[in-house]
Novice: 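Let me begin by handing over the structure; questions about it come next.
Remember, it's 1-based here, ligands and their atoms both numbered in the order they're listed.
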Amino acid sequence: MKIGVLAVQGDFAEHVAMLRSIGVEPVEVRLPEHLEGIGGLCLPGGESTAMRRLIERWGLRGPLLDFAATGAPLFGTCAGMIIMAKDIDGGEEPVLPLLDVTVHRNAFGRQLDSFEAELTVPVLGDQPIHGVFIRAPIVERVGAGVDVLASLDDGRIVAVRERNIIATAFHPELAGEPRFHRLVATMATEHQEPAEGSARRRHPTRREGLPR
Ligand code: GLN
């Protein structure tokens with residue numbers, strides 16, 4: 001299984017390393033043709049304003065939207081979440097309007113530029129997730145088709161899924177946390193090779209078990 005990592009800006013090298021560590025072949029995506037043959041795509045953390053510019057300049061916007069429309073899984077962390085949000089608080093134009101949420105950038109302010117928190121993410125099992133937040137966004141609104149995967153103790157939403165799109169405000173790739181990437185690999189496998197005898201499913205359901 002090959003999984004792409006959008007490699008225009010940000011911490012793509014950490015996503016690449018995480019994918020390698022779980023036995024997935026990473027592919028750095030900088031050109032539209034790099035999307036060929038990959039089963040899913042990670043959008044890293046970084047600076048969404050810079051990523052927005054480079055996605056435009058390198059002609060990736062349309063091809064990325066076409067890739068998402070195939071039903072292959074996309075996983076965005078932090079800036080990657082902002083890039084996929086349909087609404088960005090403050091009136092910024094969306095980049096890849098794939099995820100029916102409103103995000104607020106840099107939501108934790110100067111006093112709390114970065115912090116870490118233990119999170120419960122039921123779809124990934126009982127073991128808590130160590131969330132590393134760096135100038136992180138928060139999800140302020142979720143649309144009807146969006147599942148909340150994790151919230152902070154105060155109720156603010158920090159991980160979501162809408163069909164084939166997963167996004168976290170924190171960075172599993174910086175915390176040695178492989179379970180989100182494994183989930184993406186499992187979704188990619190099921191998308192590419194639907195179970196024999198079953199009709200091809202474009203989107204995995206939330207009842208799917210944990211990846212092994
Ligand atoms: N603050 C960044 C932005 O608004 C995101 C930070 C991150 O990805 N760690 O794009």
Side-chain angles (χ1 to χ4, degrees), residues 3-19 26 28-30 40-58 60-61 64-65 68 73-119 121 129-142 146 148-152 154 156-162 165-181 183-184:
I3 303 268
V5 181
L6 183 65
V8 299
Q9 195 270 338
D11 75 341
F12 55 87
E14 283 77 5
H15 280 274
V16 163
M18 176 60 75
L19 289 169
E28 293 188 7
V29 172
R30 295 191 178 82
L41 181 69
C42 298
L43 291 89
E47 181 50 52
S48 58
T49 318
M51 262 182 229
R52 163 198 295 281
R53 267 192 235 116
L54 293 167
I55 286 170
E56 284 297 336
R57 190 178 306 161
W58 297 1
L60 282 164
R61 190 169 178 279
L64 287 169
L65 290 172
L74 279 78
F75 173 40
T77 63
C78 201
M81 171 190 259
I82 297 165
I83 292 292
M84 294 196 292
K86 281 193 177 160
D87 291 301
I88 305 171
D89 204 26
E92 275 180 60
E93 276 293 304
V95 186
L96 305 172
L98 294 168
L99 187 56
D100 188 13
V101 298
T102 303
V103 293
H104 182 90
R105 291 179 63 196
N106 302 319
F108 296 93
R110 281 176 164 273
Q111 286 85 352
L112 210 56
D113 250 7
S114 34
F115 65 98
E116 303 186 8
E118 300 306 308
L119 301 165
V121 187
I129 294 265
H130 187 67
V132 175
F133 295 80
I134 304 169
R135 294 176 55 73
I138 205 80
V139 178
E140 289 185 330
R141 175 196 65 85
V142 293
V146 178
V148 173
L149 301 184
S151 307
L152 295 172
D154 63 12
R156 286 186 287 180
I157 297 167
V158 291
V160 290
R161 174 173 175 179
E162 184 176 9
I165 313 291
I166 297 178
T168 60
F170 49 93
H171 295 275
E173 75 282 9
L174 297 180
E177 167 52 65
R179 283 174 283 173
F180 280 98
H181 293 80
L183 174 61
V184 172

Novice: Roughly how far, to the nearest 0.5 Å, is the CD1 atom of I129 from the CD atom of E177?
Specialist: 3.5 Å
Novice: Do any nitrogen or oxygen atoms of I134 come within less than 3.5 Å of a nitrogen or oxygen of ligand 1?
Specialist: yes
Novice: For atom 1 (N) of ligand 1, what is the nearest protein heavy atom, given as residue, atom name and distance?
Specialist: N106 OD1, 2.6 Å
Novice: List every atom of ligand 1 that sits less than 4.0 Å from any heavy atom of G45, numbering the atoms from 1 in the order shown and giving each element.
Specialist: 8 (O)
Novice: Please confirm whether H171 comes under 4.0 Å of ligand 1, counting heavy atoms of the residue only.
Specialist: yes
Novice: Please list, in number order, the atoms of ligand 1 under 4.0 Å from a heavy atom of I82.
Specialist: 3 (C), 4 (O), 10 (O)
Novice: Around atom 7 (C) of ligand 1, find the nearest protein heavy atom and jot down its residue, atom name and distance.
Specialist: C78 SG, 2.7 Å
Novice: Can you find an N/O atom of R135 closer than 3.5 Å to an N/O atom of ligand 1?
Specialist: yes
Novice: Got a donor-acceptor contact below 3.5 angstrom from the R30 side chain to the A7 backbone?
Specialist: yes
Novice: Give the residue and atom name of whichever protein heavy atom lies nearest to atom 4 (O) of ligand 1, and the separation in Å to one decimal.
Specialist: R105 NE, 2.7 Å
Novice: Is atom CD of E93 surrounded by more than 12 heavy atoms (other residues, nucleotides or ligands) closer than 6.0 Å?
Specialist: no
Novice: What are the atoms of ligand 1, with element, lying closer than 4.0 Å to any heavy atom of S48?
Specialist: 3 (C), 4 (O), 10 (O)
Novice: Got a donor-acceptor contact below 3.5 angstrom from the T77 side chain to the G45 backbone?
Specialist: yes
Novice: When you measure from the side chain of E173 to the backbone N and O of M18, does any donor-acceptor pair fall under 3.5 Å?
Specialist: no
Novice: For atom 2 (C) of ligand 1, which protein heavy atom lies nearest, and how many Å away is it?
Specialist: G46 O, 3.5 Å
Novice: Using only atom types and a distance under 3.5 Å, with no angle test, would you say the side chain of E162 pairs donor to acceptor with the backbone of D100?
Specialist: yes
Novice: Please work out which of the three classes, parallel, tilted or perpendicular, describes the rings of F108 and F115, given edges at 30° and 60°.
Specialist: perpendicular
